[in-house]
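Here's the structure we're looking at; comments come further down.
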Amino acid sequence: MYGTETYTIMIPSIFLVLAFCDVLSVYSQVAKKPNIVVIMADDMGSHDMSFLGMNQFYTPNIDAMAAHGTIMNHHYTPNLCTPSRAAFLTGRDPMNIGMQHYVIPNEEPWGLPLKEVLMPEVFRANGYKTHLVGKWHLGFHEKEFTPLNRGFDTHFGYYGGYISYYTHSTNCLILQGCNLGVDFRSGFKTNFTVNGRYATDLFTDEAIRRIEEHDESKGLFLVISHLAAHTGSETDPLEAPPEIVEKFNYIQDENRRKYAAMVYKLDQGIGKVFLSLKRKGILEDTIVLFYSDNGAPTRGIFSNAGSNYPLRGQKASPWEGGIRGTAVLWSKQIRKPGYVFDQVMSVTDWFPTFLKAANIKYCGKLDGIDLWDQIIGRRRMNIRRRIVHVLDEIFGYTSIRDAMWKYVNGTVQNGLNDVWLGTIGNETDGVTEHISVVKYSKVGQVLSKYFTITSEKLKKIKSKLKISCPSRTVIACNPLEKPCLFNINTDPCERINLADNYPKLMSYFDGLVAFMQWKAVPSARVAFPDPQSNPAFHNNTWTWWGSNDY
Ligand SMILES: *[C@@H]1O[C@H](CO)[C@@H](O)[C@H](O)[C@H]1NC(C)=O
Ligand SMILES: *[C@@H]1O[C@H](CO)[C@@H](O)[C@H](O)[C@H]1NC(C)=O
Ligand SMILES: *[C@@H]1O[C@H](CO)[C@@H](O)[C@H](O)[C@H]1NC(C)=O
Ligand SMILES: *[C@@H]1O[C@H](CO)[C@@H](O)[C@H](O)[C@H]1NC(C)=O
């Protein structure tokens, strides 16, 4: 009778597990679901927001969001587009889902593994309409990998890493002899009719349309994943409307001038999104987050003249300049406007944090932690964090933070960009009053009824956010020779290598890395560009060449 007994005991326990762990089922019956709007910049420099003290050009709408919202001062992302977006949408560390190595070139047949559950899937199962506007970059070689099959109800934008701002086309990254391919979709259909229109405007207009047409009996989950400030066309990378570039003609460096114009368009778009939320009457029920997927590439491939100064390094490097980017969040629930949140956090934290804000129970595996109460100021506490910024077994480099310690072993490009790049930007543009541009920005006006921004307030925020590097002589680090160690609390600029002073700490980190490498899911990258992907075979478009129906 053993068999029967086991049987009767087994059934209910399996049943229980299923009942509690059907990851997508609806649990929450919240009366009013907060809307979630995420505005993501691409490759924008971590120093390139004027509320941080950058005074070469202004970002008035972002600044107003910061002055009215919470400023995440230690917000970490992976150092490249694909891992960063994978981490955000899954709440998992890239090394736990095979996304730790490199980005997806258009012609490589791989993507974010299909077994991973994405944030929009969970929100959709809990009564939300889910929209992706703009960039995807998590794979499209087969149709199953594209956004409409990964939890988004609608998509308007592109599948690859970047497109030209006006023609919306891209060349191959690795293969030679490809045709240029259009990479722009409305849903599953390539959209040729918007050809010639500036991508940032298209994305802003689409976001506004989604807000205006939103059915308020549902929640709104809207990700606006901008092309700006990534480079566009391969032949003319920094693209912005000439009349906007003209506004910045006081900036000497032509590339920086165009970059300022690209960021200006992005900033204006944020203003329009706030205005549209207000007109629709849903602003007070909406949480708006802004951040950049990773630091700017100041030089080299896709360099956009963005600045991460005074942080070290840039996009794709193991240094703070590639991974630390300030995020700002606005919600009416925030108790103290302009609050500088000093908790070390990871982009994987947004998934659990938004779940908490929306009161959704979810039992899938997440690596991030919920920080909602801390972010809105209902609770203050500092949680010790360990964040693996990079664990790339193929390029062979590692970047980890644990409490105040940062460990770096190995690097990319032979250390070419392991230096301090970019500009402080102390050329001023004649707009003497930062406060007035912030106040009279669209975001500033829309939010003015909640709180009055003063120049004292802006000054206080700037001084709190100022990154001070030790004036001591640099103690060199060559992570190609041996691992380095920095105290990020006292040395955010990674100038003083303390590895020789802390041998025990170094062996702790060495052991940790070995353990994590053993535990990591192997990279999902299929590093074989497939000639079949060539747009020449697909009416000069980029499409899912591995699936038959297109
Ligand atoms: C292309 O996008 C525009 C702007 O959203 C839209 O009006 C048009 O209907 C789209 N075309 C197709 C073929 O989907
Ligand atoms: C540092 O990285 C190099 C290159 O990937 C590797 O060979 C070495 O084992 C690493 N050192 C430690 C202590 O992990
Ligand atoms: C900033 O101003 C100082 C003094 O006017 C000047 O020496 C320096 O070169 C400027 N730096 C930048 C990055 O423009
Ligand atoms: C092929 O591309 C052109 C634009 O270059 C477009 O007008 C046409 O509709 C496309 N054909 C098909 C079958 O998609």
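All figures in this text were calculated on a predicted structure; none of them were measured in a lab. In listed order, ligands and their atoms are each counted from 1.
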Which of the numbered atoms in ligand 2 are below 4.0 angstrom from a heavy atom of Gly396?
-> 4 (C), 5 (O)
Backbone or side-chain N or O of Tyr397 under 3.5 Å from ligand 2 N or O = no
Mark up the atoms of ligand 1 that fall under 4.0 Å of a heavy atom belonging to Thr193, in ascending order.
-> 1 (C), 10 (C), 11 (N)
Below 4.0 angstrom, N of the basic side chain to O of the carboxylate: do Glu108 and Arg525 qualify?
-> yes
Do the charged groups of Lys33 and Asp285 touch, with an N to O distance under 4.0 Å?
-> no
Identify the closest protein heavy atom to atom 3 (C) of ligand 4: which residue and atom is it, and at what distance?
-> Asn539 ND2, 3.7 Å
Protein non-hydrogen atom below 4.0 angstrom of atom 7 (O) of ligand 2 present = no
Does the separation of the ring centres of Trp542 and Tyr158 fall below 6.0 angstrom?
-> no
Find all atoms of ligand 1 within a distance of less than 4.0 Å from any non-hydrogen atom belonging to Phe156, and give their numbers and elements.
-> 2 (O), 5 (O)
Beyond-backbone contact of Arg185 with Thr543, side-chain heavy atoms, under 4.5 angstrom | yes
Taking the six-membered ring of Trp420 as reference, does the NZ or CZ atom of Arg495 fall below 6.0 Å from its centre and within a 45° cone about the axis?
-> yes
Under 3.5 Å, is there a donor-acceptor pair between the Ser276 and Arg209 side chains?
-> no
Side-chain touch Tyr102/Ser523, heavy atoms, less than 4.5 angstrom | no
Provide the number and element of each atom of ligand 2 under 4.0 Å from a heavy atom of Asp510.
-> 13 (C)
Of all protein heavy atoms, the one nearest atom 9 (O) of ligand 4 is Phe192 CE1, 4.3 Å
N/O to N/O below 3.5 Å, does that happen between Pro483 and ligand 2?
-> no
Quick one: which ligand 1 atoms are inside 4.0 Å of a heavy atom on Asn191?
-> 1 (C), 2 (O), 3 (C), 8 (C), 10 (C), 11 (N), 12 (C), 14 (O)
Candidates Asn195, Leu202, Val194; heavy atom nearest atom 4 (C) of ligand 1 found on Val194
Salt-bridge contact Asp500-Lys482 (side-chain N to carboxylate O under 4.0 Å) | yes
Contact (N/O only, under 3.5 Å) between Arg197 and ligand 1 | no
Could you label the plane-to-plane angle of the Tyr162 and His230 rings as parallel, tilted or perpendicular, counting under 30° as parallel and over 60° as perpendicular?
-> parallel
Atoms in ligand 1 flagged as close to Ser186, the criterion being non-hydrogen separation under 4.0 Å = 1 (C), 2 (O), 10 (C), 14 (O)
Report the nearest protein non-hydrogen atom to atom 10 (C) of ligand 2: residue, atom name, distance rounded to 0.1 Å.
-> Asn409 ND2, 2.4 Å
